[in-house]
Protein chains: 2
Amino acid sequence: MSRQQQGSGRRPPVYRQVESEVLRRIREGELEPGQRLPTESDLAVEWGVNRLTIRQAIGELARAGHVTVRQGSGTYVSDRPVVVDVDLPRMPSTDADAGSTASIAEFVQEGQTETLVDAVSDDRDHDAVEALGVDGPFVRIDTVVATGDQPLFVCSYWLEAVRFPGFADRVGSRVALYALLRDDHGLRLQHAWRSLTAIVANRDDAALLSVPAGSPVMLRDGVNVDETGRPTVYLRRRIRGDRIRFMLRYDTS
Amino acid sequence: MSRQQQGSGRRPPVYRQVESEVLRRIREGELEPGQRLPTESDLAVEWGVNRLTIRQAIGELARAGHVTVRQGSGTYVSDRPVVVDVDLPRMPSTDADAGSTASIAEFVQEGQTETLVDAVSDDRDHDAVEALGVDGPFVRIDTVVATGDQPLFVCSYWLEAVRFPGFADRVGSRVALYALLRDDHGLRLQHAWRSLTAIVANRDDAALLSVPAGSPVMLRDGVNVDETGRPTVYLRRRIRGDRIRFMLRYDTS
DNA sequence: ATGAATTTGTCCGTATGTATA
DNA sequence: CTATACATACGGACAAATTCA
């Protein structure tokens, strides 16, 4: 009568059974968003298994975004996330034109706030070096874009330091970066590329995005090239997979 | 002289120290792609910690794609993955025109193979129901696209069963699905949408993609609408984040 | 503001199962 | 078949964050 009987045709491991069962309860509405799960210890007793086994199940549910774990407090069913649709084939623009929501980043919409996290005047990043074709040093600017208290994505920008001296000091928390480049440095965009992949959040990004490390995020990076054909900005964005959905609409008419 | 001394200004947990150190060795080339790491037990002895602590570190490295774990064999530094660039704003097309690589899926390029995984004639899927606006049943077709032995993405297609009777039986392993719809059912595309987000791979997809469960994948789903304005196909694709990179190129000229 | 109780986070030791070489 | 190496699971302990009296 043990859970652990063998030979009976490949039973999934216990932590996966727990995971499936909790997920089922969430899906069927037995557990509602915001509701707290039983404690790990209680679940361990309820299932007759070790607490570590429960933790393994909870961990996978947390990375998939189904539950949110708060140390000292408990584990809660995640709110159905508010997904923001972003139409994709759209030229990176000078967001300063977009009215009151002056912003550093592209794709910042009404009701979203962008806050400066860091601005360093001497940074070297492997990908930035490769993308811009110079070995730095670079000015690096980091921001977070959020709706209310819900982070949506983290942005990092690299600019050649010798070309934009003192830039890190001039950037304020609510200043349009592209407008600054255009007005102060006469920069005009000739062409640009952006790439999209999926990665897991590292510790730093996870903290800024309020997600557990290991959560899936979209990595969007790219380069802007000015009218002389010279790469000027390398940018990298880590986007919460559960909050942002990129949309592509095709039409033959 | 303990690793565990306290009060000395917030030391990161041991498993994170191990993770960082192994990652450093990989980045600096001390550990080369394909090379086997010491066993978990050896690493535990080397660091003077429990094997569980090592496993926690290895697990995060595996999800991030830095190492590949094979039961009974060992843990290996991952090969630098071959990234396939896919240009994104491109109308979903009838790939049958693309010469010899007749395929079910879009975006299948030269040198890539598509194999049928499953074809069921009676399936109901929540997302498919919602996207197509009918409650089924649906014909569902699953395929995997790979380069050589390296899976790139998993595709699933849903078609209204009453509208395409017996479709599941007619689809062969190397038959162009869109061409079949066009030629046998006179289907013409009016418009379509696709969405992109990042999710973690579930157990099934992870197995098909040869990645550990919990790896980041891009979810691309969408609907094709025929010339009468009726949704005909719902499709969903899980794409390995470490193998596929979607590219967007912008040009002002 | 303080402190105790609660809950998750980290870590130890041990044992057994399962896939691989 | 045997040895190796990872996978799952048990029990116990203490740290750190939160909550609440």
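First the proteins, then the strands, lettered A, B, ... as listed; each starts at 1. Note: hydrogens, waters and symmetry copies are ignored here, and every other heavy atom, side chains too, is used.
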Report the distance from atom [atom1] of [X] to atom [atom2] of [N], rounded to the nearest whole Å.
X: L43(B); N: dC6(D); atom1: CG; atom2: P; result: 8 Å
X: D42(A); N: dT8(C); atom1: CG; atom2: C1'; result: 13 Å
X: N50(A); N: dG12(D); atom1: CG; atom2: P; result: 9 Å
X: R55(A); N: dG11(D); atom1: CZ; atom2: C1'; result: 15 Å
X: L37(B); N: dA5(D); atom1: CG; atom2: C1'; result: 12 Å
X: I54(B); N: dA5(D); atom1: CD1; atom2: P; result: 15 Å
X: Q56(A); N: dT10(C); atom1: CD; atom2: P; result: 14 Å
X: E40(B); N: dG13(C); atom1: CD; atom2: P; result: 16 Å

Min side-chain heavy-atom separation [X]-[Y] under 4.5 Å:
X: R16(A); Y: E60(A); result: yes
X: F246(A); Y: L196(A); result: yes
X: T143(A); Y: V154(A); result: no

side-chain hydrogen bond (donor to acceptor under 3.5 Å, both in side chains) against R237(B), all qualifying residues, sequence neighbours excluded: none

Which donor-acceptor pairs under 3.5 Å do side chains of residues 118-126 of chain A form with protein atoms, sequence neighbours excluded?
unit_1  : atom_1 : unit_2  : atom_2 : d
D118(A) : OD2    : R140(A) : NH2    : 3.4
D123(A) : OD1    : R140(A) : NH1    : 2.8
D123(A) : OD2    : W158(A) : NE1    : 2.8
R124(A) : NH1    : D135(A) : O      : 2.8
D125(A) : OD1    : D127(A) : N      : 2.9
D125(A) : OD1    : A128(A) : N      : 3.0
D125(A) : OD2    : R236(A) : NH2    : 3.3

Proximity to DNA chain D (any heavy atom under 4.0 Å), residues of residues 62-71 of chain A only: Q71(A)

Closest listed nucleotide, where the reference is the side chain of R203(B) and the choices are dT10(C), dT8(D), dT8(C): dT8(D)

dC10(D) OP1/OP2 closer than 4.0 Å to side-chain N/O of T53(A): yes

Distance below 4.0 Å between Y15(B) side-chain N/O and dT10(C) OP1 or OP2: yes

Touch class at under 4.0 angstrom, heavy-atom based, for R36(B) against every strand present: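 Here R36(B) touches the backbone only, sparing every base.
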
Sugar-phosphate only, base, or nothing, as touched by L52(A) at under 4.0 Å among non-hydrogen atoms: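 Base, at least one base heavy atom under 4.0 Å.
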
5' priority, DNA chain D, between G74(B) and S73(A) [closest heavy atom]: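 Residue closer to the 5' terminus by nearest nucleotide: G74(B).
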
CD/E28(A): more than 12 non-hydrogen atoms of other groups inside 6.0 Å: yes

Donor-acceptor contact below 3.5 Å, side chain S215(B) vs main chain P212(B):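 Such a contact is found between S215(B) side chain and P212(B) backbone.
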
Base dG9(C) paired with R51(A) side chain (donor-acceptor, <3.5 Å):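 Donor-acceptor pair under 3.5 Å: yes.
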
Nearest-nucleotide 5' precedence on DNA chain C, T75(A) against Y76(B): T75(A)

